[in-house]
Participant: 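Right, I'll just put the structure down here and ask away after.
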Amino acid sequence: MEKRLIGKIGLVTGAGSGIGRAIAVRFAKEGAIVGIHYYQNKDGAEETLETVFAAGGEGIMLQADVSVAREVDEMIATLVERYGTIDVLVNNSGIGSAYSPDRVHEIDGQDWDRVIEVNLKGYMLTAKAVLPYLIDKGKGSIINISSIRGLSGAPALASYCASKGGVVLLTKEMALDYACYGIRVNCICPGFIETEMFSRYLNRQENANLARNKFAKMALLGRIGFPEEIASVCAFLASDAASFVTGIALPVDGGYVANGVREM
Ligand code: NAP
């Protein structure tokens, strides 16, 4: 494997499971030092850290609720105190609505607020805490994990679609504001990926197996993706190999968006 991230300090939020864990491990394998953030899943974060160590990497576990500014600021301060700086932020933490169907006329206001707070405000707060360091250095990379649900709507997912669509436009807006400081801001829009979040989503469908097959067929490649397939793209965007890439919202979805399917 190429070592494109040697000398870089990265932070991955939500790295105790799923896509975040795969990104943290990939970063370590490519030579980065990684901040492994978790919210509630301390055991999961420990497992990620052990995998990082086993790969010969270096990292630290950091706890925070990304929707709380004070906790985010403390997390970034701890990382910088330990390693002296930060070069790459991956905003990956995310939640779905606790309710299904999540349609506007039935929406629970508190649930809507929580999804927006974690998925959108959390990305802004974490970027806000990291940006002063990147501005000082005159370089850096921020990668936001959105979703195919941020590019087109999906039935009964109002709060999630709104939050992920917000992430796409926040990414583009930040790319404009920070290009002059040498900071690149990009966004990955995963399709259906084998994680606990995807399993929870399947279990809320009428028939989980049928739904899995349906979602697999919606991708041109005819299958569900793996967290490592998001991580490899994320490592590219974090690296200097992507030095002319900013402001993009890149579907990594096996061709789901290209397929133009309607989920009704
Ligand atoms: P996951 O394993 O459930 O990961 C979600 C992460 O979000 C967890 O690590 C969780 O931390 C963290 N989190 C939840 N609430 C938080 C809070 N208040 N503060 C900080 N962190 C919080 O699911 P995943 O599938 O890997 O999802 C990762 C990202 O990919 C999400 O943004 C998701 O929307 C996006 N995505 C996933 C898919 C898919 O098919 N899987 C598709 C498109 C986009 P703890 O576990 O430590 O509490």
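We count ligands from 1, going down the list as the structure has it; atoms in each ligand are counted the same way. Every heavy atom of this structure was used, including side-chain atoms; hydrogens, water molecules and symmetry mates were not. Note that the structure is a prediction, hence the values are computed from the model and not measured. FYI, the numbering just counts along the sequence from 1.
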Participant: Closer than 4.0 Å to some heavy atom of I19 - which atoms of ligand 1 meet that?
Facilitator: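 Atoms satisfying the 4.0 Å criterion: 26 (O), 30 (O), 37 (C).
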Participant: Is it true that A45 lies under 4.0 Å from ligand 1, counting heavy atoms only?
Facilitator: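 False for this residue.
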Participant: With heavy atoms of H37 as the reference, note each atom of ligand 1 found under 4.0 Å away.
Facilitator: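 So the atoms of ligand 1 that pass are 20 (C), 21 (N).
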Participant: Compare G44, G94, C189, A22 and give the one whose heavy atom is closest to atom 7 (O) of ligand 1.
Facilitator: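 Residue with the shortest heavy-atom distance to the ligand atom: G94.
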Participant: Which atoms of ligand 1 sit under 4.0 Å from any heavy atom of I95?
Facilitator: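 Answer, ordered by atom number: 14 (C), 15 (N).
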Participant: side-chain hydrogen bond (donor to acceptor under 3.5 Å, both in side chains) with S141: which residues, sequence neighbours excluded?
Facilitator: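 side-chain hydrogen bond (donor to acceptor under 3.5 Å, both in side chains) list for S141, sorted by chain: empty.
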Participant: Can you tell me if G191 contacts ligand 1 (heavy atom of the residue under 4.0 Å from the ligand)?
Facilitator: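 Right, G191 reaches ligand 1.
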Participant: Within a distance under 4.0 Å of any heavy atom of S17, pick out the atoms of ligand 1 and give their elements.
Facilitator: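 So the atoms of ligand 1 that pass are 1 (P), 2 (O), 4 (O), 9 (O).
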Participant: At what distance is the nearest protein heavy atom to atom 10 (C) of ligand 1, and which residue and atom is it?
Facilitator: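 Answer, as residue, atom name and distance: G14 CA, 4.5 Å.
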Participant: Under 4.0 Å from a heavy atom of A64: give me the atoms of ligand 1 that qualify, with their elements.
Facilitator: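 Near A64, meaning under 4.0 Å from one of its heavy atoms, ligand 1 has 19 (N), 20 (C).
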Participant: Any atoms of ligand 1 less than 4.0 Å from a non-hydrogen atom of G18? List them with their elements.
Facilitator: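 Those of ligand 1 that fall under 4.0 Å from G18 are 2 (O), 26 (O).
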Participant: In this structure, does ligand 1 have an atom that sits under 4.0 Å from one of the heavy atoms of T13?
Facilitator: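 The answer is no, since T13 has no heavy atom less than 4.0 Å from ligand 1.
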Participant: Tell me, please, which residues at least two apart from R82 pass salt bridge (Lys or Arg N to Asp or Glu O under 4.0 Å).
Facilitator: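 By the salt bridge (Lys or Arg N to Asp or Glu O under 4.0 Å) rule, R82 matches E58.
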